[in-house]
Protein chains: 2
Amino acid sequence: MKIGDIARLAGVSTTTVSRVLNNSKNVKEETRIKVNNVIKEQNYYPNMIARNLSSNKNDTIGLIVPDIKNTYFSKIVNNMVTNAGKKNLNVVLGCSNEDFEIQKKYIELFIKQRVKGIIIAVTKNSYNELEFFENISSKIPVVFIERKINSNFPTVCFENINSTIKSIEKLIEKGHKKIAFLAGDLSISTARERLEAYKRVLKKYNIKYDEKLVFYGDFSMESGYILAKEIFKTNVSAIYISNNLMLLGFLKALKEYKKNEDEYLISTFEHDEIVYFINQDINSYKIPFSELTKKSMDLLEEVSNKENKKNLVEIELD
Amino acid sequence: MKIGDIARLAGVSTTTVSRVLNNSKNVKEETRIKVNNVIKEQNYYPNMIARNLSSNKNDTIGLIVPDIKNTYFSKIVNNMVTNAGKKNLNVVLGCSNEDFEIQKKYIELFIKQRVKGIIIAVTKNSYNELEFFENISSKIPVVFIERKINSNFPTVCFENINSTIKSIEKLIEKGHKKIAFLAGDLSISTARERLEAYKRVLKKYNIKYDEKLVFYGDFSMESGYILAKEIFKTNVSAIYISNNLMLLGFLKALKEYKKNEDEYLISTFEHDEIVYFINQDINSYKIPFSELTKKSMDLLEEVSNKENKKNLVEIELD
DNA sequence: CTGAAAGCGCTTACAG
DNA sequence: CTGAAAGCGCTTACAG
C-alpha cells in the first residue's frame, strides 16, 4: 500500500493525497474527507523513509549515553524518549559504555542514518577529542548534555559548581570543618567541577584545603566502596560524594563494616530513590531530568537552524 | 556529498561506487581502491535513508518496553542496543510506561518508519488486544519478549514456571511449610505463571494451598511495601516475591519496621545488584539478558523471512 | 568488471 | 483547489 494506491482508490492525484497527509491548507474539505476515508479503510501508514528522503527532513534523533545501567542515565533516556514521543520524534539509542570507539561507531551509524541531530552525554576523555567533535558537528547538528567538553560546543547541563557549593555548605552549617571529598573521574567535566566547588567552598569558609581529605575515585560503585575503607581510617564524619554510584559503594562499605548509619553526614549530587531504603539522611538534589531533555531538544532545533545564540545552557538546581 | 559526487571524483559510475560501498564482489581491485580513497578523502557517509528506500531494507529495529526506570528493563534495553550495535543495527526506543495507548503510538511511529521489525515487552492487559496485535503483525514483523500475550505470537521469554518452582523449593528445603506468595499484576503473563508455579509446588509437596497466604500486588515497589505490612501480621517466615520492585518495597518495609534481616527467608525471580547492600541472603536467578536480546533478534529475523518454525522460545534459567 | 537507466515512495515547485 | 512531472540519493536488473 503506497500513496499511489490511495490516490487511485480516492480518484485523486498523489499530490493531493500527500497534501492531505501533511495537513496542507489547500484541499477542498470534501476531497480531504474522501481521501481520509480511503486511508482509514486501507489502514495505510505513510512511508517516512520516503518522506524523509524527498523532504530532506528526519524525525528521529540520536541519543548516546555512556552507561544506561546507571539509573542517572536511564532517567535521562526515559525522559528523552517520552518528551520526543510527544513531538512524534523517534529516538535511536546508543550505549557507549564509556568507550570512545563504541561512541564513535554510534555517531557514524547515526550520521549515515541522517538523523535530525545527535544528543550526547560523552564518554570520559572525550574532551581530548575536540577535533573529532568539530568534524562531526560540521556534518550534523550535535548537542552535548550533562558533560561538557569545551565551551565552544552547544551544551545543556546542570549547574554544578554553585549547586555543589550549596550541598557542602549544608555540612558546614552542621558544624563540620573536616569534610572528606570523594572525587569522580576527573576526565569528566562534572567530576572536575564538583572538585572545584569543594575547593571554593573551603576558601569561602576559611577552611584549610587538606589534600589528605580528597579521595580520587572514578564515579564507579567499586571506587566508592574502596575509598570508603580509606575514609574509615580517618576521623572525618562529613563527606561529599561526587555521584550516585560512588555513594552506593560507600553505603555498601558502611553496611559491611557495620557502621552506624548516622556516623557520617553525607552530601551528594543525586541519588537513586533506592537509597531511601538504606539511609534517609543523605543530602542531595532532586534533578529535573525532564527539563534537561526538553532543553537539549530545543537547543538541537536551534543548532539545526543555526540560530543558537548561546552555546551553554545551564540548569539551576534547588 | 552524495554518491554521484564520489563517482565523478573517482571517474566511475554511481553503480560502481554503490558496489564498492556494499562490498560487492565484482569490482576490480584497482577501482575499489580508487573509489575508497575518494570516500576517505571526502569523509563521505552514505545516506542510509536512500539506501533503505531503494533496497527496501531497514537496519533499525524498534524496541518498546513498559518501564525503563525498572532496572530489569533497562538491562534489556542495554543488552539489545549493544547486541544490535554489533550487527550495525540501530535501535529506536519506545517507553510505554504500561500505557496501552502510548504503546500503540510507538508501534504506529515505528511502522511509519518502516523499521525492520518491532521487539516488544507489552504493557499489562495487552493480552486483551489480540486483534490489534494480529493486525500489526500483518504489517510488520513483531516479536514479543519477556511477556507473553498468546501462544500464536512469536515470543522469546524466560522459562517462568519451573524456575519459580525451583526457587520456592529452596524455601521448602529449609523446612518451611508456610510460604507466603506476593503476586504481581495478573494481567501480565509472568505474574500469572509465577502464581501457577506456587500452586504447583505446593501440590508437589503436599502442602495445602492457603488463600490467605497469597497477597495480590501489581509488580510495583509501592505494592510490595503495602503488602509487607500485611505479611508482618501473619506468622510466616518464608516468602516468594514475584519481582524485583516488589522485593524492594518489601525490604523498605522491613527496614522501617526495624525487622531483623533474617526474620524472613526470601526467594524472588530477579533482583538488582543493589539488593546486596541491604540483604545478602535473597535467593534469585542470574538472568541471561544478553541471551534474551540475541534470541529475540534472531527470531525477528526468522519472522521477517517467514521461516520461524516455533513461536515460543523459552530460555531456561539456573 | 562496468555503466545507463529505471525504480524505491514520497514531496514540491510550477502551472493551471 | 488540483495535478503532471521532476527530484530526493541510493540500488539493481540488464546489457555489454
Side-chain angles (χ1 to χ4, degrees), chain A residues 1-36 38-39 42-60 88 90 108-116 139-140, chain B residues 1-36 38-39 42-60 88 90 108-116 139-140:
Chain A
M1 190 62 48
K2 59 187 81 163
I3 201 170
D5 299 320
I6 303 297
R8 194 169 30 76
L9 291 169
V12 297
S13 72
T14 59
T15 312
T16 298
V17 177
S18 175
R19 287 202 184 96
V20 172
L21 248 19
N22 293 293
N23 295 312
S24 165
K25 272 278 153 242
N26 304 321
V27 183
K28 210 201 308 179
E29 192 54 22
E30 191 189 325
T31 313
R32 183 186 303 280
I33 292 170
K34 190 170 58 182
V35 171
N36 271 328
V38 177
I39 290 174
Q42 302 297 319
N43 195 18
Y44 164 72
Y45 294 92
N47 183 331
M48 299 306 256
I49 298 277
R51 170 185 295 188
N52 291 344
L53 180 63
S54 81
S55 67
N56 197 27
K57 286 179 189 159
N58 199 313
D59 40 16
T60 113
N88 287 318
N90 295 296
E108 289 173 344
L109 221 47
F110 293 170
I111 291 179
K112 290 183 189 167
Q113 214 62 37
R114 297 294 190 272
V115 296
K116 187 184 184 62
K139 299 196 93 69
I140 197 166
Chain B
M1 190 61 48
K2 59 187 83 163
I3 202 170
D5 299 319
I6 302 297
R8 193 169 31 75
L9 291 169
V12 297
S13 72
T14 58
T15 311
T16 298
V17 177
S18 174
R19 286 199 184 99
V20 172
L21 248 20
N22 292 292
N23 295 312
S24 165
K25 272 279 152 245
N26 302 322
V27 183
K28 209 202 305 181
E29 193 52 24
E30 191 189 325
T31 312
R32 182 184 305 278
I33 291 170
K34 192 170 56 181
V35 172
N36 271 329
V38 177
I39 290 174
Q42 303 296 320
N43 196 19
Y44 164 72
Y45 293 92
N47 184 330
M48 299 306 256
I49 299 277
R51 171 184 296 189
N52 291 344
L53 180 62
S54 81
S55 67
N56 196 27
K57 287 178 189 161
N58 199 312
D59 40 18
T60 112
N88 288 317
N90 294 296
E108 289 172 345
L109 220 48
F110 293 170
I111 290 179
K112 290 183 190 165
Q113 215 62 37
R114 299 292 191 272
V115 296
K116 188 185 183 63
K139 300 195 94 68
I140 197 166

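- Atom NZ of B/Lys116 and atom CG of B/Asn90 lie 11.5 Å apart (nearest 0.5 Å).
- Listed in residue order, the members of residues 27-36 of chain B having a heavy atom less than 4.0 Å from DNA chain C are B/Val27, B/Lys28, B/Thr31.
- Expressed to the nearest 0.5 Å, how far OG1 of B/Thr60 lies from CD of A/Gln113 amounts to 6.5 Å.
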Item to complete: State the dot-bracket string of DNA chain D. Criteria: Watson-Crick or G-U wobble, both atom distances under 3.5 angstrom; notation: ( ) intrastrand, [ ] crossing earlier pairs, | interstrand, . unpaired.
Response: |||.||||||||.|||

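- From A/Asn47, atom CG reaches atom NZ of B/Lys112 across 11.5 Å, with rounding to the nearest 0.5 Å.
- Taking atom P on both C/dT2 and C/dA6, the two are 23 Å apart, rounded to the nearest angstrom.
- Between B/Ile39 and B/Leu21, the closest side-chain pair of non-hydrogen atoms falls below 4.5 Å.
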Item to complete: Given side-chain contact (heavy atoms from CB on, under 4.5 Å), test A/Leu109 with B/Asp59 step by step and report yes or no.
Response: CA-CA 10 Å; A/Leu109 221 47; B/Asp59 40 18; over 6 Å; no

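- Note: A/Asn58 CG to A/Phe110 CZ = 11.5 Å, rounded to the nearest 0.5 Å.
- Remark: B/Leu53, B/Ser54 in residues 42-55 of chain B come within less than 4.0 Å of DNA chain C through at least one heavy atom.
- Within a heavy-atom distance below 4.0 Å of DNA chain C, no residue of residues 4-13 of chain A is found.
- Between B/Thr31 and B/Val20, the closest side-chain pair of non-hydrogen atoms is not below 4.5 Å.
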Worksheet item: Step by step, would you call A/Asn43 with B/Lys139 a side-chain contact (heavy atoms from CB on, under 4.5 Å)?
Response: CA-CA 10 Å; A/Asn43 195 18; B/Lys139 300 195 94 68; 3.8 Å; yes

Only distances under 3.5 Å count here; give the side-chain donor-acceptor pairs of residues 3-14 of chain A to other protein atoms, sequence neighbours excluded, each with its distance to 0.1 Å.
residue : atom : partner : partner atom : Å
A/Asp5  : OD1  : A/Arg8  : NH2          : 3.1
A/Asp5  : OD2  : A/Lys2  : N            : 2.9
A/Ser13 : OG   : A/Thr15 : N            : 3.3
A/Ser13 : OG   : A/Thr16 : N            : 3.2
A/Ser13 : OG   : A/Thr16 : OG1          : 3.3

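- The span of DNA chain C lying next to chain B, judged by atoms under 4.0 Å from heavy atoms, is bounded 5' to 3' by C/dC1 to C/dG9.
- Among the protein residues, B/Thr16 comes within range of the sugar-phosphate backbone only, with heavy atoms under 4.0 Å from sugar or phosphate atoms but none that close to a base.
- Applying the side-chain hydrogen bond (donor to acceptor under 3.5 Å, both in side chains) rule to B/Asn56 yields no partners; only residues at least two apart in sequence or on another chain are considered.
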Discussion item. Go through it in stages, so that I can follow the logic: the residues are B/Tyr45 and A/Arg114, the test is side-chain contact (heavy atoms from CB on, under 4.5 Å), and I'd like the CA-CA distance, side-chain angles, deciding distance and then a yes or no.
Written reply: CA-CA 9 Å; B/Tyr45 293 92; A/Arg114 297 294 190 272; 4.0 Å; yes

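- Residues meeting the side-chain hydrogen bond (donor to acceptor under 3.5 Å, both in side chains) test with B/Asn88, sequence neighbours left out: none.
- One distance of note links CG of B/Leu53 with CG of A/Leu53; it measures 6.0 Å at 0.5 Å rounding.
- For A/Arg51, the side-chain hydrogen bond (donor to acceptor under 3.5 Å, both in side chains) test picks out A/Asn22, with sequence neighbours left out.
- Residues in residues 21-30 of chain A take part in these salt bridge (charged side-chain N to carboxylate O under 4.0 Å, His left out) pairs, two or more places apart or across chains: A/Glu29-A/Arg32.
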